[in-house]
2 protein chains.
Amino acid sequence: MAKAKRILKWQRDPAGMRLRILEAAKQEFAAYGLAGARVDRIAAAAGANKRMLYYHVGNKEDLYLEVLEGAYEKIRAEERTLDLEHLDPPEAIGRLIDFTWNYFLRNPEFLALLNTENLAKAKHLKRSTKVKSMHSPFVEMIRTVVTRGVESGDFRVAVDPVQLYISIAGLAFFYLSNSATLSVIFGRDLLKKEARDERLEHMIALVLAALTGKSTAAFVGAPALPSLEHRVV
Amino acid sequence: MAKAKRILKWQRDPAGMRLRILEAAKQEFAAYGLAGARVDRIAAAAGANKRMLYYHVGNKEDLYLEVLEGAYEKIRAEERTLDLEHLDPPEAIGRLIDFTWNYFLRNPEFLALLNTENLAKAKHLKRSTKVKSMHSPFVEMIRTVVTRGVESGDFRVAVDPVQLYISIAGLAFFYLSNSATLSVIFGRDLLKKEARDERLEHMIALVLAALTGKSTAAFVGAPALPSLEHRVV
DNA sequence: ACAGTATTTATCCAACGGGTTAATTTCACC
DNA sequence: GGTGAAATTAACCCGTTGGATAAATACTGT
C-alpha cells in the first residue's frame, strides 16, 4: 500500500510548542492552582501530547515555576515603560495606581498565580534566581517619585516606597482577587463597569489625599452613602 | 485467651470528634487548598478514621464549606464586639484597622481559606445561606461611623462603607497573605516584629490622613526613605 | 541520498486519593 | 444484664494522575 507520505502528519515547531505549552499552563495553574492543575489538560489545551511537557520544560513543578517567572517578568517589564520620572509626583502616583489596577484587571491569572505561590509559602520563588534581581529598579523608581514629591512640597510626607507600593497593590489586588467572595457577601457585582470605575477613583483619591493632604474632587465626589440599602445595583 | 474487655479501645465523643475534624480540616485546607488537601491527613490529624469525616460531616466539599462558614462566623462575631459606636469616628476607624490587622495575623488560615474560595470563584459560598445574611449589620456599623464622622466634621469626605472596608481589609490582607512572595521579592522579612508594627502604623496613618485630611504623627514619622538600600534588615 | 538528531505520538503503570462496604465496639435505655 | 442504635474501625474499590518507555516521524547538514 502507498504510504501517503505527502500528507504531513505534523510539523516541527519547538519554539511555538513551548509557548503554547507555557500559555496553556498559565491558564491551567491560574484556574486550578498548583495541586488542582492537570497535566493532561495543559497538554490538550496546548494542542500537544503530555510527553511534550516533559520534553520541553520538565515536570509539573518546573513548568509551574517557569510560568510564574514569566508572569513576574511581564508585569515588571510593562511597569518599566511607565516613565514616571517625567511626571510631577502626584500624577506619577496616580498613573502607577491606574496602571496597576488595569494590569490586574487585564491579567487575572497573575493574581491567581501569586496566591498559589503564597499558598506554597513562596517555596518555588525562593529557588528562582531570575526573579529576585528584577525588583530593585522598580523600588528605586518609586523612591525617586516620593523623594521628588517631598522636595517639591507636593507630598507632605515621606513614605517608605515598599510600604507605599504594597498599599497600592493591595488596594487593587484584594478587590480583584477576592471579588468573587466579596460580591457574594456584600450582595453586589463588584466587577461590573461602574463598580470598577468607582473603585479606581476611590483608590487614587485615597492614596493621593493621604500623600498630598489635599482632597481630590474624585474622592469627595465618590458615590458615598449610596442609600440606606447597601445593595447599590 | 482472656478478652481483656476492661481496656477501652476508644470512647464515644461525637461532638468532640466533630470539632476535632473541623479544626483539622481548617488547618489542612488552609495549608494546601481545596485540591491539595488530603482527606487522610485530616482524619489522621483529627485522631480519627477517614470514615468518620463522611459519617459526621459529609464529603470533602461539604467539609470544606462547613469550615469556610465557620471562619466567616468567627470573624464577624468578633467584629461585633468592637463597639465602634461609642468611639469618636477617627478612633473607631483606627480601631477597626487595628482589629482587622491583628485578626488576620492571629488567624492566617482565614486568609488562606478566602483565597482558596476565590480560586473556586466562590462557588461554595454561593450555595451557603448562612453567610450572606451576616454582613449587612457589619456594613451598617461602618456606615454609621462614617456618617457620624462627616457630621462631626472629623471626616471631610463621605465614603461608601463597602469601599472603605475593602480598602482597610485589602491593606492588611495583601500584605499578610502575600508576605511570602513579597518578602522574597523585596528582600526583607515582612513578618518580623518591627515590620509588622510599621505596617500597622502605615495603614492607620494612610486611611486616617485620607479621611480627616490631617496628617498623623505616625504617618509623618514613618521610617521613610530608610536608606538608599531598600533592604532594611 | 543518507545518517543522525530533534520532535512528536502511542501506550503503559504504579501510586495515590476519594469514597464505600461491612464488621466491630460502645453506650443509653429498658 | 441485654438489646438496639450510635459511633468507630479496618479493609477494600476503582478511577485518576503524574510520570516513564519505546517507537515513529520530521528535519538538518553533508
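Predicted model, so just to flag it, every value in this text is computed and none were measured.
The two residues A:Glu28 and A:Gly36 make their nearest non-hydrogen contact at OE2-O, 4.3 Å.
Side-chain atoms of B:Arg12 and base atoms of C:dT26 include a donor and an acceptor less than 3.5 Å apart.
In this structure, the OH atom of B:Tyr32 is 11 Å from the P atom of C:dG17, given to the nearest Å. Nucleotide D:dG19 holds its P atom 15 Å from the CG atom of A:Asn49, rounded to whole Å. Summarising the geometry, the separation between NZ on B:Lys50 and P on D:dA11 is reported as 13 Å, rounded to the nearest angstrom. Distance A:Lys60 NZ to C:dC16 C1': 13 Å, rounded to the nearest Å. The interatomic distance linking B:Arg41 (CZ) with C:dG19 (C1') rounds to 17 Å, in whole Å. Here the C1' atom of nucleotide C:dC12 and the CG atom of A:Asp40 are 13 Å apart, to the nearest Å. The separation between B:Gln11 atom CD and D:dT9 atom P is 12 Å, rounded to whole Å. Rounded to an integer number of Å, the gap from B:Ile42 CD1 to C:dG18 P is 8 Å.
Below 30°, between 30° and 60°, or above 60°: for B:Phe173 and A:Phe174 the angle between ring planes is between 30° and 60°, a tilted geometry.
Relative to the side chain of B:Arg51, the nucleotides D:dA7, C:dT20, C:dT7 differ in distance, and C:dT20 lies closest.
When the nearest nucleotides of DNA chain C are assigned to B:Tyr54 and B:Trp10 by heavy-atom distance, the more 5′-ward of the two goes with B:Tyr54.
When side chains are defined from C-beta on, A:Phe99 does not count as touching A:Leu84, because their heavy atoms never get closer than 4.5 Å.
Note on A:Ala15: nothing from the nucleic acid sits closer than 4.0 angstrom, heavy atoms only. Counting any heavy atom pair closer than 4.0 Å across all strands shown, A:Ala35 reaches no nucleic acid atom.
The side chain of B:Arg38 places an N or O atom within less than 4.0 Å of a non-bridging phosphate oxygen (OP1 or OP2) of C:dG17. For the pair A:His56 and C:dT8, the criterion of a side-chain N or O lying under 4.0 Å from OP1 or OP2 is met.
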*Using the side chain to side chain donor-acceptor pair (under 3.5 Å) rule, take B:Ser128 and B:Glu69 through it: C-alpha gap first, then chi angles, then the decisive distance, then the call.*
CA-CA 8 Å; B:Ser128 167; B:Glu69 286 178 335; 2.7 Å; yes

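Tested against B:Ile97, the residues B:Asn102, B:Val207, B:Leu171 include a single side chain to side chain contact (heavy atoms under 4.5 Å, CB included) partner, B:Val207.
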